[in-house]
**Student:** 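Input: one structure, supplied below.
These numbers come from the heavy atoms of this one structure, side chains and all, not from hydrogens, waters or symmetry mates. Chain identifiers are assigned alphabetically (A, B, ...) following the order of the sequence lines, protein sequences preceding nucleic acid strands; residue numbering begins at 1 within each chain.
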There are 2 protein chains.
Amino acid sequence: MAAVDLATHPGHLARRLQQAHYLLWNTMVSEEITSPQFAVLNALVAEPGLDQRTVGERVGLDRSTIAEVISRLGRRGLLDKVRDPQDGRRFLLRLTDEGLRTHRKLTVRTARMNQVFLAPLSAAEQSLFFELIRRVADAAEGLRNPAEPAVAPR
Amino acid sequence: MAAVDLATHPGHLARRLQQAHYLLWNTMVSEEITSPQFAVLNALVAEPGLDQRTVGERVGLDRSTIAEVISRLGRRGLLDKVRDPQDGRRFLLRLTDEGLRTHRKLTVRTARMNQVFLAPLSAAEQSLFFELIRRVADAAEGLRNPAEPAVAPR
DNA sequence: CTGAAATACTCAGTGCCCTGATTAATTTGT
DNA sequence: ACAAATTAATCAGGGCACTGAGTATTTCAG
């Protein structure tokens, strides 16, 4: 009687979008390497030698999740993990040759997949799609991490 | 050297959007009931007595996931599960009074949360947001379940 | 210089999400 | 009528995502 239309719920839409993406990734990109794993490889191509926490920040994964993802990539020999001699708390991460090769291969496939995924939208709509999602996601993240208060509370 | 900009990857955006939603849901709606759980409650308000598989279809969850979600809702006393006397394979699902109450309460909070979540967009942009995401998700699901071939292969 | 606070990482626990294999019940083809 | 195919649900297994608590190391305040 009081049921609601889930098609007007952004969270529901977001979940369906991600599921659809997951499926397409599996068939068009890789069954071994997932999209978050690719994001980590990509971050380490851009900035070799990052520590674990910073990689998580770059790709939007929390401390626990990034630890798991990195452990999997390490087990598969795609990256190396060494203690920072300057700061014994950190591990510095660097892709192996195999990791670099994998990233190169997947970059090509990912581009193809993105084209297929976004094919239902015109070029103008694709820009809008990115912009609207980015604005909503950024704003929600902002709610979580409020800017520094003007006067530090004591 | 060959790193890619993740902000142009719809899968990455979709994941960030869902994460942002997850956080906001947790703070504004409920720490007990998740968004997928609410979707199941909602489906059973709309159509009491559905079987498990059909609920999964309605809310977009696969057979394994829907089984887990329903088992959790059952443990919390929000729904009942009885074997279909007409078809011994099925379980028929129905909300308890407690389940109905919970759905009613969360419906209000969810509406508030959706407003906050979408606040960065104008009304026109919100419509566009829904439409673009829906089109992409629908198309990708269509790739997965291709329409019946004209001639059934044998 | 030393105790307190902050930081990087790990671990335990919960929940979502998918696939492939298995089990039980029903439907279908002959 | 009955074997074969289909269907609903379960189970095992892998991966993502978050929180709260714990450990080790570094930094900071007095």
**Student:** Using whole Å, report how far CD1 of B/I66 lies from C1' of C/dT19.
**Tutor:** 17 Å

**Student:** Atom CZ of B/R63 to atom P of D/dA12: distance rounded to whole Å?
**Tutor:** 15 Å

**Student:** Any chance you could measure A/E68, atom CD, to A/Q37, atom CD, to the nearest 0.5 Å?
**Tutor:** 11.0 Å

**Student:** Check this for me, if you would: do A/R58 and A/E47 make a salt bridge, where the nitrogen-to-carboxylate-oxygen distance has to be below 4.0 angstrom?
**Tutor:** yes

**Student:** How many Å lie between CD on B/Q18 and P on D/dG15, as a whole number?
**Tutor:** 19 Å

**Student:** Closest nucleotide of DNA chain C for A/D51 versus for A/N26: which of these residues is on the 5' side?
**Tutor:** A/D51

**Student:** Mind calculating the distance between CG (B/L73) and P (C/dG15) to the nearest angstrom?
**Tutor:** 10 Å

**Student:** Distance check needed: C/dC9 C1' versus A/D62 CG, whole Å only.
**Tutor:** 12 Å

**Student:** For A/D5, I'd like to know if atom CG has over 12 heavy atoms of other residues, nucleotides or ligands within 6.0 Å.
**Tutor:** yes

**Student:** May I ask you to verify if any side-chain N or O of A/R76 is less than 4.0 angstrom from the OP1 or OP2 atom of D/dG14?
**Tutor:** no

**Student:** If each of B/E32 and B/S64 is mapped to the nucleotide of DNA chain C with the nearest heavy atom, which maps nearer the 5' terminus, i.e. the 5' end?
**Tutor:** B/E32

**Student:** Salt bridge or not between A/R134 and A/E131? Use side-chain N to carboxylate O under 4.0 Å.
**Tutor:** no

**Student:** Counting the atoms with a prime plus P, OP1 and OP2 as sugar-phosphate, which does A/Q19 contact under 4.0 Å by heavy atoms, base, sugar-phosphate, or nothing?
**Tutor:** sugar-phosphate

**Student:** Can A/D138 and A/R135 be counted as an ion pair, charged N to O under 4.0 angstrom?
**Tutor:** no

**Student:** Expected output is a numbered-order residue list: members of residues 79-95 of chain B with a heavy atom under 4.0 Å from any atom of DNA chain C. What is it?
**Tutor:** B/D87, B/G88, B/R89

**Student:** Regarding B/T65, tell me which of base, sugar-phosphate or nothing describes its non-hydrogen contacts under 4.0 Å with the strands shown.
**Tutor:** base

**Student:** Does the side chain of A/D51 pick up a donor-acceptor pair with the side chain of A/T54 at under 3.5 Å?
**Tutor:** yes

**Student:** Could you tell me the separation between the CG atom of B/L23 and the C1' atom of C/dG15, rounded to a whole number of Å?
**Tutor:** 15 Å

**Student:** Send over the distance from B/R75 CZ to C/dG13 C1', rounded to a whole Å.
**Tutor:** 13 Å

**Student:** Angle between ring planes, A/W25 versus A/F38, binned at 30° and 60°: parallel, tilted or perpendicular?
**Tutor:** tilted

**Student:** Quickly work out the B/R15 CZ to D/dA17 C1' distance and round it to whole Å.
**Tutor:** 9 Å

**Student:** Taking only side-chain nitrogens and oxygens of B/R53, does any of them come within less than 4.0 Å of OP1 or OP2 of D/dT7?
**Tutor:** no

